[in-house]
Q: 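The structure follows.
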Amino acid sequence: MSPEGPHRALAGSIQKRLSPGFALDVQVSAPAGITIVFGESGSGKTTLLRCLAGLDRPDAGRIVVGERVLFDSPSGCNVSARDRGVGFVFQQLALFPHLSVRDNIRYGLHRLSPEVRAERTRAVAESFRIDHLLDRKPSAVSGGERQRTALARALVTDPDLLLLDEPLSALDHATQSRIMADLRAWNTAHAIPILYVTHAHREVFALGERVMVLDAGRVLAEGTTHDVMEAPAHEPLAQLAGFENFFDGAVVARRPDAGTMQCRLAQAGIPLEVPLSHATEGEAVRIAIRAGDILLANQEPRGLSARNILRGRVRSLTREGPTVRADVDAGAAFAVHLTPGACESLRLEEADEVWLIIKTHSCRLVEPSGALS
Amino acid sequence: MSPEGPHRALAGSIQKRLSPGFALDVQVSAPAGITIVFGESGSGKTTLLRCLAGLDRPDAGRIVVGERVLFDSPSGCNVSARDRGVGFVFQQLALFPHLSVRDNIRYGLHRLSPEVRAERTRAVAESFRIDHLLDRKPSAVSGGERQRTALARALVTDPDLLLLDEPLSALDHATQSRIMADLRAWNTAHAIPILYVTHAHREVFALGERVMVLDAGRVLAEGTTHDVMEAPAHEPLAQLAGFENFFDGAVVARRPDAGTMQCRLAQAGIPLEVPLSHATEGEAVRIAIRAGDILLANQEPRGLSARNILRGRVRSLTREGPTVRADVDAGAAFAVHLTPGACESLRLEEADEVWLIIKTHSCRLVEPSGALS
Amino acid sequence: MDYSAILLSVKLAAVVAAILLGVGLPIAYWLTFSRWRWKFLAEAVVALPLVLPPTVLGFYVLVAIGARSPVGRLWTSWTGHGLAFTFEGLVIASVLYSLPFAVQPIAAAFSQVDASLIEASSTLGASERRTFFRIILPLSLEGVIAGAVLAFAHTIGEFGVVLMVGGNLPGATRTVSIAIYDSVQALDYAAANRTALLLLAFSFVVLALVYGLRRKPLVAI
Amino acid sequence: MDYSAILLSVKLAAVVAAILLGVGLPIAYWLTFSRWRWKFLAEAVVALPLVLPPTVLGFYVLVAIGARSPVGRLWTSWTGHGLAFTFEGLVIASVLYSLPFAVQPIAAAFSQVDASLIEASSTLGASERRTFFRIILPLSLEGVIAGAVLAFAHTIGEFGVVLMVGGNLPGATRTVSIAIYDSVQALDYAAANRTALLLLAFSFVVLALVYGLRRKPLVAI
Amino acid sequence: AGTPAAAQQIAVAAAADLQAVFPEVAARFERETGRKVALTFGSSGNFFAQVQNGAPFDLFFSADIEYPRRLQAAGLAESGSLYEYATGRLVLWSRKDSGIDAARGLMILADPRVRRVAIANPEHAPYGRAAVAALRHETVYDAVRGKLVLGENISQAAQFAQSGNADAGILALSLALMPALRDTGTVYRIPDAFYPPIVQGAVVLAASRQKEAARQFLRFVERPDIQQLMREYGFAPAADLR
Ligand SMILES: Nc1ncnc2c1ncn2[C@@H]1O[C@H](COP(=O)(O)OP(=O)(O)OP(=O)(O)O)[C@@H](O)[C@H]1O
Ligand SMILES: Nc1ncnc2c1ncn2[C@@H]1O[C@H](COP(=O)(O)OP(=O)(O)OP(=O)(O)O)[C@@H](O)[C@H]1O
Ligand SMILES: [Mg+2]
Ligand SMILES: [Mg+2]
């Protein structure tokens with residue numbers, strides 16, 4: 001029996017109306033492994049997790065983990081939160097204020113022998129680097145330390161399903177990376193479904209094999225991290241996935257043999273070769289390009305396979321975290337990401353003339369925002 | 001009177017022992033504008049903010065905003081929190097659970113006329129996109145919506161000093177960017193000192209003109225974002241600032257006229273040209289290089305000004321958020337960041353032979369960890 | 001049936017409960033938030049009136065407010081009549097006796113209010129007063145209701161203190177509890193049962209209204 | 001001085017407070033967390049014993065558990081002696097009378113516990129019981145102490161119910177409150193003062209210990 | 001009450017106005033017979049209700065003969081044991097510093113300086129009924145009615161007067177003779193003819209397990225020396241008025 005087998009998977013369909021303006025209506029399926037739940041603030045991520053954990057009761061639906069039915073509205077089955085075997089890290093942590101960090105962590109281990117409890121508590125506290133805080137109350141540790149405590153408390157119970165609501169948001173990158181490594185190792189050892197809510201692209205790519213994107217209570221997209229984040233079907237999804245450039249255009253010519261189409265951007269009539277789609281000639285299309293997928297050159301490139309080469313001028317250069325963002329006017333406004341190293345080796349300055357190099361397959365055809373909902 | 005003048009600046013020195021293992025002991029000075037407070041989890045950021053806000057009483061020190069002394073231990077002066085005119089966004093939000101979002105926001109406006117209150121509340125709610133939630137209780141809105149409410153509640157009071165403890169941690173990037181833009185605009189209009197705690201490099205670069213880095217209760221570094229994040233003096237600081245490559249080496253030859261030194265890495269004896277320092281010949285040095293500052297080429301580069309060109313082999317390629325991380329073995333192990341576009345245009349694959357191009361000035365000499373404390 | 005006695009009792013209980021809220025809230029506030037080292041002694045003192053039998057407490061109050069005491073003389077010089085055997089006297093005695101019932105649940109509720117909300121309020125420029133009325137009090141509502149209900153119900157039922165200080169004057173100090181007691185003493189059990197039943201029914205309605213109409217319990221964030 | 005009466009009172013108050021915790025905690029729990037629509041009626045009923053004058057309540061209890069009642073007869077057939085005029089009888093009556101003092105502050109405290117902590121406990125596999133004892137109860141400690149103190153002190157001081165149900169039998173049911181009452185009735189004020197002072201001093205020490213030793217107020221996160 | 005030790009002891013429920021004299025009576029009885037007497041003082045109305053519900057008393061000395069009579073009729077008291085052991089007497093009492101001289105008789109109560117007059121509650125206390133009768137007899141009742149404050153029992157009425165909150169009180173002689181009142185007030189003995197006799201009756205209770213000892217105590221109280229003692233404490237022998 002492979003631990004990755006469907007017998008441990010989560011499958012569910014959940015409907016829940018919270019207010020006249022918001023209803024969750026999703027199909028969720030997650031195999032063993034980390035599934036990232038992604039979506040803007042207020043899209044229903046926490047609500048989904050609460051329904052799965054048995055803290056909110058869906059209006060209708062069915063939740064199954066492995067062979068075990070946790071909720072089924074037709075039959076009225078509704079396993080209580082405490083019997084679901086679900087580990088939950090709350091967005092607001094919900095640490096027990098009167099218990100020490102140690103007692104918080106071992107709270108869920110009451111069925112085990114004292115030695116096992118102590119050993120497991122010690123091990124998880126060490127791996128989350130909170131072993132020096134074990135005797136303090138949550139009010140006497142820092143925000144990030146609290147978050148690690150909450151995570152340790154949920155992981156240590158060996159749940160059948162793990163629900164993490166932005167578990168690393170209050171941590172610095174180094175600590176985040178360490179805990180993500182721990183979590184990946186834990187995941188390999190336990191092979192249970194893990195739903196991991198986050199807003200950080202960093203965490204999406206570092207942890208998730210699969211992503212599920214929510215928008216206004218519905219599943220906007222679902223699949224492997226690569227499929228969802230690299231080839232988003234809709235503009236909202238593309239925005240969430242970090243695409244910065246969106247253009248309106250029209251199909252000029254289809255080249256089915258080459259698998260490409262020639263388009264013309266509405267702005268300045270810029271020609272752009274994009275991958276083939278079902279769009280017919282003359283049809284309007286929306287094109288998304290990630291800022292990191294555009295290459296910059298300070299002299300006209302020659303002999304390149306890339307078919308889209310646009311001349312432009314640097315408007316501004318801004319440092320943004322680990323990358324540099326160049327805003328380039330090439331008829332239309334393009335945002336381009338470079339590494340600081342590349343920026344320096346190109347000796348880029350504002351107002352410099354540059355060439356943008358865009359691979360055909362970096363241009364994604366997406367449904368525009370309006371087409372949704 | 002320029003609004004940027006020192007008359008509105010924050011200046012303070014604070015000593016506070018929290019536990020036998022932790023004491024805050026910092027000099028803090030912040031002009032009008034956003035100063036990022038950066039530091040790993042548990043380094044004392046929240047404690048610093050609490051002391052400034054008057055919620056914790058320092059053991060000793062002095063706090064002045066503009067001409068106004070808020071705290072002075074020798075003279076026993078200690079202005080109460082409510083009279084400090086400080087806006088505080090708590091890491092745990094501390095929204096009033098029994099008040100609607102609207103009443104939370106206008107809580108601090110009780111001295112104003114009803115019309116002004118209503119107008120200001122409306123305006124800030126709109127700009128933070130929570131105007132549709134105004135009548136709900138905090139328990140009935142999402143985590144990110146709560147965070148926006150807390151931020152709105154603090155900003156709307158027009159404080160003399162703004163203290164933000166990870167105010168955007170629960171928000172998606174798009175919302176974050178929107179609020180950061182609002183905050184920058186607000187900052188321009190109000191010109192007060194803002195201390196902004198965050199772990200996210202993204203926010204550091206997007207918002208901060210100045211950075212103050214804390215480590216174990218002390219100021220590790222302070223200055224403009226560029227100086228602190230690009231030229232870190234210590235290895236811990238370099239780690240926080242996102243440097244990924246650290247090497248032990250020794251000075252082989254000093255070239256004061258060229259402003260460089262020739263070094264040799266302890267591992268595999270790799271030669272590396274670095275900027276001149278006070279280190280004497282034969283002295284051990286520690287060298288830090290940011291993964292984004294290293295360029296990759298798939299053929300030996302020629303005629304480049306960069307003096308350090310190392311041959312290596314790609315060990316692995318991993319997607320990390322908006323960038324691709326290549327681990328390259330060039331005698332020593334190097335981490336290199338590329339944009340996905342660059343990665344594709346180089347047609348990089350694992351096990352490929354590559355050349356690393358490292359500018360002399362991308363190599364920073366740092367004090368090793370041990371030298372600190 | 002003695003309706004005037006019922007009316008009098010309700011009036012007394014309402015006045016006492018109102019005064020106890022006025023007096024009990026600041027006392028409870030001080031007991032909860034003061035950092036005085038010996039505060040716990042004050043807490044013990046607040047509970048002390050309870051351990052005396054009501055008639056005995058009433059007797060001491062009677063002596064304390066009597067014509068020969070400074071308090072009594074002062075009152076007489078102001079109002080022209082003594083405090084004993086008046087409604088005002090009843091109120092004073094009942095307030096004293098029921099003080100712990102109001103203070104204790106309220107103080108307990110205050111101490112459960114999340115300290116960070118109080119901090120948030122102060123950074124928003126709120127005075128202690130504003131913080132109290134806008135944050136602490138509403139979040140302690142259950143405890144305040146408990147205190148008020150205990151004070152009210154207890155004053156309705158109390159008769160030892162009332163008898164001692166009131167002197168059983170029909171219409172002025174003869175409360176329903178005394179009326180029922182008198183009926184029992186006079187072996188008129190039927191009358192006692194009737195009045196008791198009426199009192200129970202009335203009190204039940206009042207309490208049910210209080211509990212039914214109060215806001216839903218709040219959930220903290 | 002009547003030391004045996006003091007001892008008896010303390011014993012009675014301790015037993016009653018203990019029983020009231022045992023009975024009051026589940027009742028308060030139900031009152032707080034039940035989702036029954038008509039719960040507020042039950043809340044009103046819990047406060048009702050208070051509105052009856054103690055002697056009258058005592059009279060009804062006496063009738064209910066006396067020699068002629070089914071309860072009294074059943075008890076006699078079990079134990080060989082009656083329930084009224086025994087320590088056990090006193091306990092029953094006092095528990096009934098002091099029930100609201102225990103239940104109300106405790107229920108108020110329960111309702112202030114952050115619901116998300118209860119949710120967290122349940123996702124950690126804790127039974128309702130475990131959640132109650134490990135989370136709800138400790139976080140409501142102040143309210144529970146308030147309830148226990150009110151119940152204890154009130155039982156020490158109560159004399160109407162005790163007099164009626166206990167019959168003031170020296171050594172068996174003559175509590176210190178009755179002893180003081182007797183002294184006052186006999187116009188022996190000196191004796192009353194002595195005993196009252198001793199009682200006050202003793203109660204003060206007990207209460208100060210309770211308040212002084214309890215854990216610091218907790219700050220929720 | 002089943003242990004042999006307890007069997008030696010007679011449990012006596014005694015009206016509150018006996019609080020001064022009965023400890024002495026019981027002590028003498030013990031000295032003579034070696035039997036202990038456990039005295040419980042209280043309101044006669046309460047005792048009546050308690051006896052009906054099985055109170056473990058052997059003897060009941062009521063302040064009002066009505067209660068024992070009813071108990072006998074209900075079969076709760078030994079038939080034929082009813083004994084009128086004493087008669088209560090009324091006095092008018094006033095504090096010396098009140099400026100009112102009680103010795104001037106009940107008429108003084110009509111004086112406007114007298115604002116409060118304490119009596120026991122006439123609804124259920126025999127002394128209260130007697131006080132009202134005496135006032136009526138002296139035709140001051142209508143003038144005094146509005147000044148009356150009622151004690152639950154005669155003791156409480158005494159406390160009202162003694163604490164100065166009432167300007168005068170119509171009290172039991174037995175109380176007025178106690179040091180607390182005797183030394184601080186002026187007294188007027190209200191003539192017996194002004195009010196119907198306050199006849200106090202005692203019975204042996206039917207539930208008693210030591211009726212013989214109970215009867216013995218009852219007979220002891222009848223003895224002339226004890227009746228003399230009662231007289232010293234302010235009670236008239238029942239026979240005096242019959
Ligand atoms: N009340 C307290 N008593 C003792 N130690 C405390 C107390 N509060 C905080 N600490 C400790 O002081 C240090 C600094 O805490 P602080 O909350 O200021 O950190 P921080 O920089 O805000 O961290 P984070 O990013 O995790 O929020 C931590 O090590 C913490 O454990
Ligand atoms: N109890 C409630 N009653 C009504 N509406 C609610 C309630 N709780 C949440 N909502 C609304 O439902 C939507 C989804 O909330 P949810 O907490 O699931 O969002 P989320 O995806 O977790 O957001 P975030 O990233 O900000 O935490 C939000 O618009 C919120 O305002
Ligand atoms: Mg959420
Ligand atoms: Mg912090």
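Each chain gets a letter, A, B and so on, in the order the sequences are listed, and its residues count up from 1. Computed from heavy atoms alone, side chains included, the values below leave out hydrogens, waters and symmetry copies. Everything numeric in this text was worked out from a predicted model, so none of it was measured.
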Q: With rounding to the nearest 0.5 Å, note down the distance linking CZ in A:Phe90 to CD in D:Glu119.
A: 5.5 Å

Q: I'd like to check A:Phe96 versus D:Arg134 (side-chain heavy atoms, cut-off strictly below 4.5 Å). Are they in contact?
A: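 When only atoms from C-beta onward are counted, D:Arg134 and A:Phe96 do not touch, as no gap falls below 4.5 Å.
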
Q: Under 6.0 Å from the CD atom of D:Glu88, do we count more than 12 heavy atoms belonging to anything else shown?
A: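 Atom CD in D:Glu88 is packed in, count exceeds 12.
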
Q: With heavy-atom distances below 4.5 Å as the criterion, would you say the side chains of D:Pro138 and A:Leu99 are in contact?
A: no

Q: Which pair of non-hydrogen atoms, one from D:Leu139 and one from A:Pro97, has the smallest distance, and what is that distance?
A: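 Looking at all heavy atoms of both residues, the closest pair is CD2-CG, 3.8 Å.
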
Q: With a sphere of 6.0 Å drawn around CZ of A:Arg129, does it hold more than 12 non-hydrogen atoms of other residues, nucleotides or ligands?
A: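 It does not: A:Arg129 CZ has 12 such atoms or fewer within range.
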
Q: Give, for atom NE2 of A:His98 and atom CG of D:Leu141, the distance between the pair rounded to the nearest 0.5 Å.
A: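 Rounded to the nearest 0.5 Å, the NE2-CG separation comes out at 10.0 Å.
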
Q: Verify, without hydrogens or angle tests, whether A:Arg153 (side chain) and D:Ala120 (backbone) share a donor-acceptor contact under 3.5 angstrom.
A: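 Such a contact is absent between A:Arg153 side chain and D:Ala120 backbone.
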
Q: Check for a donor-acceptor pair, side chain of D:Arg130 on one end and backbone N or O of A:Tyr107 on the other, with a separation under 3.5 Å.
A: yes

Q: Measure the OG-CD distance between D:Ser116 and A:Gln91 for me, rounded to the nearest 0.5 Å.
A: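 Rounded to the nearest 0.5 Å, the OG-CD separation comes to 12.0 Å.
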
Q: Hey, are the side chains of A:Pro159 and D:Thr123 touching, using non-hydrogen atoms and a 4.5 Å cut-off?
A: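 A side-chain contact under 4.5 Å is absent here.
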
